[in-house]
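Below is one structure, written out as structure tokens; comments come after it.
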Amino acid sequence: MKSLLKFITCGSVDDGKSTLIGHMLYDAKLLFADQEETLELESKVGSAGGEMDYSLLLDGLMAEREQGITIDVAYRYFTTEKRSFIVADTPGHEEYTRNMAVGASFADLAVILIDASAGLMTQTKRHIRICALMGIEHIVFAVNKMDVIKYQEQIFLDIENDINDMVKEFRFKTIKIIPVSAKKGDNLTNQSKNMTWYQKETLLDYLETIDVSKKKEKEELILPVQRVCRPDRTFRGFQGEISAGQLKVGQKVHIYPNKEQAKIKRIFVTDKENECGVKGQAVTVQLNREVDVSRGCVISSSDHLTVSNVFNAKILWLDDTPLIEGKNYYLKIGTKMLLGTVMKIKYKIDVNEGNHLPVKILNKNEIASCDIVLNEKIVISRFEDSKELGAFILIDRVSNMTSACGVVEHTLRRGENIVYHQMDIDRTKRAAGLNQNPKSIWFTGLSGAGKSTLVNEVEKRLFAKGKHTMVLDGDNVRLGLNKNLGFEEKDRIENIRRNAEVCRLMNDAGLIVLTALVAPYQKDRDSARDIIGEESFVEVYVSTSLEVCKKRDVKGLYQKAQNNEIPNFTGISAPYEVPCNPDIIVNTENRSIEETVNYIMRELERYQL
């Protein structure tokens with residue numbers, strides 16, 4: 001059976017990536033007759049002045065052909081006498097860096113093109129860093145357009161020196177530099193007669209012979225659980241793909257994150273029962289005893305996998321909206337999906353020189369080192385030790401778009417050493433002692449909407465009924481716990497997080513908590529709901545209009561904001577996002593305070609406070 005090489009082509013825009021692969025396939029006679037005829041016909045009417053346009057074999061989208069650039073990732077399978085290949089032709093334009101990263105995530109090797117007439121470009125350097133980030137260990141630099149510079153050896157040698165200086169900071173296993181002309185075919189499949197000074201392998205020869213296999217003496221079993229299979233009451237199996245090692249009947253295994261032990265009772269590959277399973281196989285396993293296993297758990301032969309909820313990572317930011325410290329996202333790692341918060345951006349990596357630059361926000365296509373905390377402990381591994389347990393993506397909680405991809409550098413000690421202590425006297429017992437149902441009643445709305453007034457009156461009603469309460473007013477908290485925070489977006493995020501954490505602790509104490517906070521962003525209110533818990537969170541939207549709030553303006557804040565005396569003021573220079581699905585909606589414009597509070601109290605009855 002022929003070995004398979006998965007590789008990508010990447011580099012800056014218009015470096016000739018699609019042309020290189022197309023010409024190589026054409027010269028190596030790896031096209032069907034109808035493909036050749038179509039290529040020749042379309043080239044005559046295309047943008048290449050009647051010359052053969054080999055990029056048409058890869059650029060399939062109409063927009064790509066019109067602009068002469070690659071936009072999407074084009075995958076092509078081909079095979080020679082020596083090897084089989086899957087190539088991903090990735091876009092070079094900075095706007096489509098996301099697509100390049102997708103292609104890099106599957107590859108064993110990268111062919112990075114460099115325009116000989118331009119040298120190393122910023123986007124080329126960015127692609128080199130992304131390849132290193134994605135764990136690609138084998139790099140081929142194809143110095144293209146040698147025909148444009150008249151095949152001058154000295155220019156190639158200068159670029160070769162620049163490349164060698166650039167890659168010193170990376171740990172690539174193999175690096176190959178080949179002068180080529182994608183348009184003319186020099187050194188693609190045959191030795192170039194125009195560059196007699198280069199007598200080494202052609203690009204295809206090198207790709208056919210390079211060894212990209214990862215040799216490990218003995219891999220420990222890693223089986224991330226993707227699904228629990230219960231076809232009937234007599235069978236409970238755990239399904240997933242073996243990402244490392246092998247599986248045998250009777251084998252002793254550890255189930256993470258709870259670190260319970262069991263033995264493999266039965267193994268199924270598709271619908272056939274086997275004695276063993278190997279890396280890459282999708283299997284269903286049955287254990288010899290009942291163990292708490294669900295999607296996202298890991299079955300392993302190792303007894304020393306790391307379980308943590310805090311780690312340092314390198315990420316590539318892909319979102320148009322900048323990353324700000326404190327924001328939380330869905331984080332997918334292995335088969336596990338959970339909430340993750342970027343607590344600190346330690347530094348941004350300069351694309352050109354690799355210098356570490358201190359930043360507060362991260363913009364699209366930038367690479368940075370960050371500390372991330374998760375809402376629960378999971379199995380985490382350094383990316384270089386396990387690609388499956390060390391690679392992750394961040395997903396925006398509103399749009400569901402992938403905001404970043406990243407790799408785990410190392411866990412932080414506090415994630416492993418700090419353990420939540422479950423006390424004998426818990427929330428349930430404290431609540432029972434107080435004879436009430438702890439809730440966090442979260443009032444949100446514009447400044448001047450009447451939140452603090454309503455909270456004050458609602459608390460008096462609850463207190464009169466013998467309830468044990470506490471109020472967290474936005475201004476009061478900022479005078480104490482949050483007095484070190486400003487009003488920039490990152491400070492607002494942290495303000496909400498701290499208030500939510502205090503609410504959760506007070507609910508654990510059995511108290512009913514009422515908050516009066518502007519909390520202008522839906523994401524932050526969702527984050528508060530996650531911290532406090534869906535079962536304890538009650539969102540009350542005070543929907544008083546901006547015009548009425550301005551008229552009230554008891555603190556004079558709106559006037560100051562309109563005079564540019566207060567920056568980032570919600571409703572004037574900063575937005576307020578109306579709650580998507582609040583539990584209670586009230587408007588104080590046409591009702592008296594007493595009528596509004598009566599309505600809120602009636603609505604709260606269904607929460608059995």
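As a basis for the values below, the full set of heavy atoms in this structure was taken, side chains included, without hydrogen atoms, waters or symmetry mates.
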Query raised in the report: For the residue pair Y347 and H356, does the interplanar ring angle fall in the parallel (under 30°), tilted (30 to 60°) or perpendicular (over 60°) class?
Result: parallel
Query raised in the report: Are a donor atom and an acceptor atom from the side chains of S545 and E589 found within less than 3.5 Å of each other?
Result: yes
Query - Enclosure of E594 CD (heavy-atom neighbours >12, cutoff 6.0 Å) - result: no
Query raised in the report: Would you say the side-chain atoms of T306 and T411 include a donor-acceptor pair closer than 3.5 Å?
Result: no
Report task. Examine R492 relative to F569 and say whether NZ or CZ is less than 6.0 Å from the centre of the six-membered ring and inside a 45° cone about the ring axis. Result -> no
Query - Over-ring placement of R397 relative to Y330, 6.0 Å and 45° cut-offs - result: yes
Query raised in the report: Between E366 and K348, is there a salt bridge with N-O shorter than 4.0 Å?
Result: yes
Report task. Would you sort out whether S440 and R529 count as a side-chain hydrogen bond (donor to acceptor under 3.5 Å, both in side chains), showing the intermediate values? Result -> CA-CA 9 Å; S440 289; R529 185 184 294 269; over 6 Å; no
**Report entry** From CA spacing to verdict: side-chain hydrogen bond (donor to acceptor under 3.5 Å, both in side chains), T469, E459
**Finding:** CA-CA 7 Å; T469 61; E459 186 186 29; 2.8 Å; yes
Query raised in the report: Going through the distances and angles, do R98 and N365 end up as a side-chain hydrogen bond (donor to acceptor under 3.5 Å, both in side chains)?
Result: CA-CA 8 Å; R98 168 193 297 268; N365 296 332; over 6 Å; no
Requested in this report: Would you check if there is a donor-acceptor pair between the side chains of R461 and N598 at a distance under 3.5 Å?
Outcome: yes
**Report entry** Pair R552, T588: side-chain N/O donor-acceptor within cut-off below 3.5 Å
**Finding:** yes
**Report entry** Parallel, tilted or perpendicular, as decided by the 30° and 60° cut-offs, for the rings of F392 and F311
**Finding:** perpendicular
